[in-house]
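Heads up, the thing below is written out as structure tokens.
Side chains are part of it too, since the values below use all heavy atoms of this structure and drop only hydrogens, waters and symmetry mates.
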Amino acid sequence: MRLRVPFVKRSESAQHLWTQCPHCGEMLFNKQLARNLNVCTKCEHHFRVGARERIEQLADRASFAEIDPTLVSMDPLGFVDQKPYPARIAESQAKTAERDAVVCGDATIGGHPVTLAAMEFSFMGGSMGTVVGEKLARAAEHARDGRRGLVIVSASGGARMQEGTIALMQLVKTVAAVTRHGKAGLPFVSVLTDPTTGGVLASYASLGDVILAEPGALIGFSGARVTSSTIGAELPEGFQRAEFLLRHGFVDQVVPRAQLRDRIAFFLGAFSRPAREMRWGV
Amino acid sequence: MRLRVPFVKRSESAQHLWTQCPHCGEMLFNKQLARNLNVCTKCEHHFRVGARERIEQLADRASFAEIDPTLVSMDPLGFVDQKPYPARIAESQAKTAERDAVVCGDATIGGHPVTLAAMEFSFMGGSMGTVVGEKLARAAEHARDGRRGLVIVSASGGARMQEGTIALMQLVKTVAAVTRHGKAGLPFVSVLTDPTTGGVLASYASLGDVILAEPGALIGFSGARVTSSTIGAELPEGFQRAEFLLRHGFVDQVVPRAQLRDRIAFFLGAFSRPAREMRWGV
Amino acid sequence: MLEKIDRALGGREPDGDGLASSGVIADVAGIANRRSPWEAVQLARNIQRPHSQELIGLVFDRFQELHGDRGFGDDPAVIAGLADLGGRSVVVVAQQKGSSTEENIARSFGMPHPEGYRKAIRLFRLAEKFGLPVITFIDTPGAHPGPEAEERGQAEAIARSIQVMGELEAPVVAVVIGEGGSGGALALGVGDVVLMMQNAVYSVISPEGCAAILWRSASEAERAAKALRGAGPDLLELGVIDGLVPEPEGGAHTDRQAVAAGLRRALVAQLDRLASVPLSDLLAARYDRYREIGSFADPSAAAAEKAKPWWRRALGKAGL
Amino acid sequence: MLEKIDRALGGREPDGDGLASSGVIADVAGIANRRSPWEAVQLARNIQRPHSQELIGLVFDRFQELHGDRGFGDDPAVIAGLADLGGRSVVVVAQQKGSSTEENIARSFGMPHPEGYRKAIRLFRLAEKFGLPVITFIDTPGAHPGPEAEERGQAEAIARSIQVMGELEAPVVAVVIGEGGSGGALALGVGDVVLMMQNAVYSVISPEGCAAILWRSASEAERAAKALRGAGPDLLELGVIDGLVPEPEGGAHTDRQAVAAGLRRALVAQLDRLASVPLSDLLAARYDRYREIGSFADPSAAAAEKAKPWWRRALGKAGL
Ligand SMILES: [Zn+2]
Ligand SMILES: [Zn+2]
């Protein structure tokens, strides 16, 4: 089932014509910032971008057709902390105009057919519960069925606590689905953006054939606070940033946002031009 | 072709009734030392043992039938240093009563059929030239054809310089042969003894399904002198010893010689009792 | 959840999954006095509780440990090796907490580093090569959160272990024997059958961690434990696990022999059952096992389904 | 040595191996002035010689580097990535020496650490997954001999890389572009076709190391170089390599463009040829390629063969 849904542009609220860059302090005119893909024009700090904006940046114009847009969470545990889980979902839905923390669909990138998923960090910290797990698994299965590449842009604090151990099991589900997709000889490009942590990094996001990261993105398994208290000392400068992961061998490239689309297209292209005679020669 | 060849016992020269342990200084009566598998009765220092003695220690009584006993080296490069290569070979042959640096054959170990190879360090430092490469490759191929396990006891300074790049290519040959053997679902137990270094460690010897080492054995890629001069400092205590490799994750167990046969038999047994229905169920 | 496998075996007989007949609790109704989640957390963490090393000694007939990840080191928080179980060779991989302060320090309190998971992966592949079943024991507060673990790719190691277990061409039985802490536990927890000891816990986050985030106070851990529903009976109800291995009234540490005997019985029964499942069915069932965990709604899909003409509905989803 | 592959392609035509027609020297008779081994060593080590990074830029149409071994680090001594070559996607893995002192320090003088070989292995597997050919450039004094490299398993990494290249289900062309130092070079050197630049060297040990051991004097390096026969023409004669990519009179650094063009031509020709070989034939030929390198005698086998009755001899070796 595919529904072509118009992009829901997040309203640029009138009172915020300017945004201050948290990195260099520069005051940036919002429209200019948006035109620059939400990258600071002075210091190249990469602001977070939402799922829809990300898709617009990456997919070829008008090529995106959303799949599974209507899936919504249940409340399997009857989880209540300071608020019931359903109330938190409703809040996030109102705030983001999304039903949960990931948007998936078919698209082309540089002409290459892909299934593209982008996470919405504003929705409960991009946490992965059943809906995110289900939608990503469906995306991978759908890509496999259609022999499409898979591109997932992650932005997540990890598994969704409010779904308890069921959320944890989504790690297995997503890993198994991207693995099946990969076993069909299809490429998976994993894009890690600020932040990609916890259970999302410890599952499908670390299993891309190519793993790209945005400059300065926080990427790690344990929260820096936990890590810091474990060693009782300050962490090294740049700890758990994209460049740190590149140095330690877990990221293929740190790619400025302006080059991301072309770079993904290059890799999709490289992986889809096998020496064909070889593949059928066995 | 299999020739049943009697063990050539190295003569215990009369003038050496006693041996001093290089580790603890104890004077050891040679017969007692031999009865203790050439392990110091005081400090458990493991003396080097030759290929035939090793085979006697590991193979079930009278089970060993040598294969390819007559292969001898040529001199592909016409190599001459202070002596011609053929002269060096002749010397080693006279000294060891072996034709080259490895002895291979079929045997059982704890009742499990294996092809067993043991290197002779006294033959040109156990160096791997064409004959060693050829005999090990044949051993692996023969084990594969006969669906036998493969046990190789290494003791080598590395590739044989006198055969130049041709010796280097024996790394590929032996790796490819044990890999094919492994792909047939057959077990390979690699036993690293003092010393196992250079090209032998950098080829088949590091690829055992299980890698066992004798206590205190020197095991490493680069000569400690080279390494030491590279950092211009003393190397840490125990560097490149079996226990060091265990700590760093490259050896499964450090096994005292007295337990080696039983331990190998255990692993051969474990790997040959698959859940059979599974294997043919696919 | 085990039905798929039994169906592959040609129809589900009564107790086809071998749980009840091997003494495993497959229905929460069978639990006389159900512990509160917080009590379970305490029991699961009890330092006197039998840990992996002890259980391995009691459950298996022989065991030889294999060391190292072949890349960086040998992690003492993960014990891995080959063992016999009723005449069958098995690969065993287990997290090991200490049974004393000294051992806990030596074993990082059962918190593996990446090389621990990479050792596990190596052993899984060994099992696959020789067609041996895999048994894992899970007992960890979580993967080690230190900076060196981050540097060496804790997340990558966990993801890869989950991947390898999921696609492994060998039967896998995982047992949470004590504390099942988040991704660090799950990395050894993907299997055809997943069991828990009756008083074990298995959660996406520790109650303390959850309380600190959601209640902004670690002292609310008891409430968090309750909310997380990570006790064995909860997870059996939620369909996350397949059965509970019974413990005596006072907890596993009050009768270690009995607990080990029960665990052995359960493992033997499951291996017997899994041994005859064709691999392709086993892998398909394993995929589906995890694919089906979760709860969501798709209102529009239901609506869309209704709105379709009858002949499209008859053709089914595949036709779209 | 390429005959097997050509036979798999249905009979060997004149120049079926595509060497001569692509400008590669396949016969030492074609070399006008043959350098002494020691001259070749000097040329191969010349810091002005075009190194991998430069050659990659000149030979391939596009190149994107991929970083990291996914376990420990990213080794600057190994450059690996994806590139285009005449409309074909290829995986490129290369050792990179510095072209200046600073770069040499940053790149460990082209001596990879274990993580460099593990990055290579990762890229080889990627090539296999997507059916892409692999091209390697070899240029190293040897694997790094430092204690940290030993700790992280230099030998294991080399052995594993040799293993993976040997069994890789993709065509592999390896080129020694400068210095091919021992196991550290061989770890990227297992292929269906192995070429050398005309003045490259490839040896089991450096002349200096060999002289220090056998002559107990590093100053005998020139004699050692001669004895080791590690220059390209020697190795072509010995059947270790398949061909030489020509260099201009003064060495590769005197006309970088021409050298790169020749290399490109050779690579395109070999990929064209290998692309149509069925994988099973390719793998069998690769196995045999290395299986056949070496020289030994088996007097008793010859004697035994003669001693056999005629009908046994007629049945051949397989009958025994
Ligand atoms: Zn800025
Ligand atoms: Zn002694």
Side-chain angles (χ1 to χ4, degrees), chain A residues 1 3 68-77 79-82 129-131 133-134 137 159-173 175-177 179-180 183 197-199 201-207 219-223 226-227 230-231 235-236 239-240 244 248-250, chain C residues 142-147 149-160 162-163 165-167 180 182-187 189-190 202-205 209-211 213-215 220 223-224 227-230 234-235 238-240 286-287 290-291 293-301 304 317 320:
Chain A
M1 167 203 40
L3 298 175
D68 300 318
T70 56
L71 264 54
V72 289
S73 269
M74 310 276 272
D75 180 17
L77 309 187
F79 196 98
V80 179
D81 50 276
Q82 303 189 329
T130 303
V131 170
E134 178 71 22
R160 188 170 294 173
M161 274 180 288
Q162 290 85 353
E163 295 188 24
T165 317
I166 289 174
L168 188 63
M169 296 300 136
Q170 306 311 309
L171 276 66
V172 185
K173 185 184 290 183
V175 166
T179 302
R180 276 202 174 180
K183 287 201 158 185
T197 61
L201 190 66
S203 62
Y204 72 88
S206 284
L207 300 175
I219 303 166
F221 178 63
S222 297
V226 179
T227 303
T230 301
I231 57 164
L235 292 165
F239 182 68
Q240 289 186 336
F244 173 92
H248 288 288
F250 297 100
Chain C
H144 199 283
E150 293 287 321
E151 282 178 4
R152 298 201 290 271
Q154 191 65 283
E156 194 275 350
I158 292 170
R160 196 69 63 185
I162 293 171
Q163 180 176 47
M165 293 191 88
E167 67 173 12
S182 193
L186 180 64
V190 182
Y202 193 7
S203 180
V204 68
I205 186 171
C210 179
I213 295 170
L214 293 183
W215 281 270
E220 298 288 349
R223 276 168 73 177
L228 286 166
R229 298 195 63 193
D234 290 317
L235 296 173
L238 289 166
V240 171
R286 195 184 304 155
Y287 187 87
Y290 290 93
R291 191 70 188 76
I293 296 178
S295 65
F296 61 91
D298 192 351
S300 81
K317 286 176 190 173
L320 198 94

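- If you tally non-hydrogen atom pairs under 4.5 Å between each of Gly183(C), Gly230(C), Ser182(C) and chain A, the highest count goes to Ser182(C).
- Distance alone, capped at 3.5 Å, is enough to place a donor-acceptor pair between the Thr165(A) side chain and the Tyr202(C) backbone.
- With a 4.5 Å cut-off on non-hydrogen atoms, Ser203(A) touches chain C through its backbone but not through its side chain.
- Side-chain atoms of Glu150(C) do not come within 3.5 Å of backbone N or O of Gly220(A) as any donor-acceptor pair.
- Asp75(A) contributes a side-chain N or O that, together with a main-chain N or O of Phe79(A), makes up a donor-acceptor pair within less than 3.5 Å.
- Between Thr130(A) and Met74(A), the closest side-chain pair of non-hydrogen atoms is not below 4.5 Å.
- When heavy atoms are compared at a cutoff of 4.5 Å, Leu228(C) approaches chain A by way of both its backbone and its side chain.
- Between chain C and the options Leu201(A), Val80(A), Ile166(A), Leu207(A), heavy-atom pairs under 4.5 Å are most frequent for Leu207(A).
- Neither the backbone nor the side chain of Ala205(A) comes within less than 4.5 Å of any heavy atom of chain C.
- Here Pro76(A) is the residue among Pro76(A), Ala167(A), Gly129(A), Gly133(A) with the most heavy-atom pairs under 4.5 Å with chain C.
- Residues satisfying the salt bridge (charged side-chain N to carboxylate O under 4.0 Å, His left out) test with Glu220(C), not counting sequence neighbours, are Arg223(C).
- Options Ala177(A), Gly199(A), Ser73(A), Gly198(A) differ in how many heavy-atom pairs under 4.5 Å they form with chain C, and the most are formed by Ala177(A).
- With Thr179(A) contributing its side chain and Val175(A) its backbone, the two residues share a donor-acceptor pair below 3.5 Å.
- Gln170(A) touches chain C through its side chain: at least one heavy atom from C-beta onward sits under 4.5 Å away, while N, CA, C and O do not.
- The pair Arg180(A)-Glu167(C) does not count as a salt bridge, with every side-chain nitrogen at least 4.0 angstrom from each carboxylate oxygen.
- Within the 4.5 Å cutoff, the side chain of Trp215(C) has heavy atoms near those of the Asp81(A) side chain.
- Comparing Ile162(C), Leu214(C), Val190(C), Ile205(C) by heavy-atom pairs within less than 4.5 Å of chain A, the highest count is held by Leu214(C).
- Both the backbone and the side chain of Val172(A) come within contact range of chain C, judged by heavy atoms closer than 4.5 Å.
- Of the listed residues (Gln163(C), Arg152(C), Arg229(C)), the greatest number of heavy-atom pairs within a distance under 4.5 Å of chain A belongs to Gln163(C).
- Contacts of Tyr204(A) with chain C are absent, with no heavy-atom separation under 4.5 Å from either backbone or side chain.
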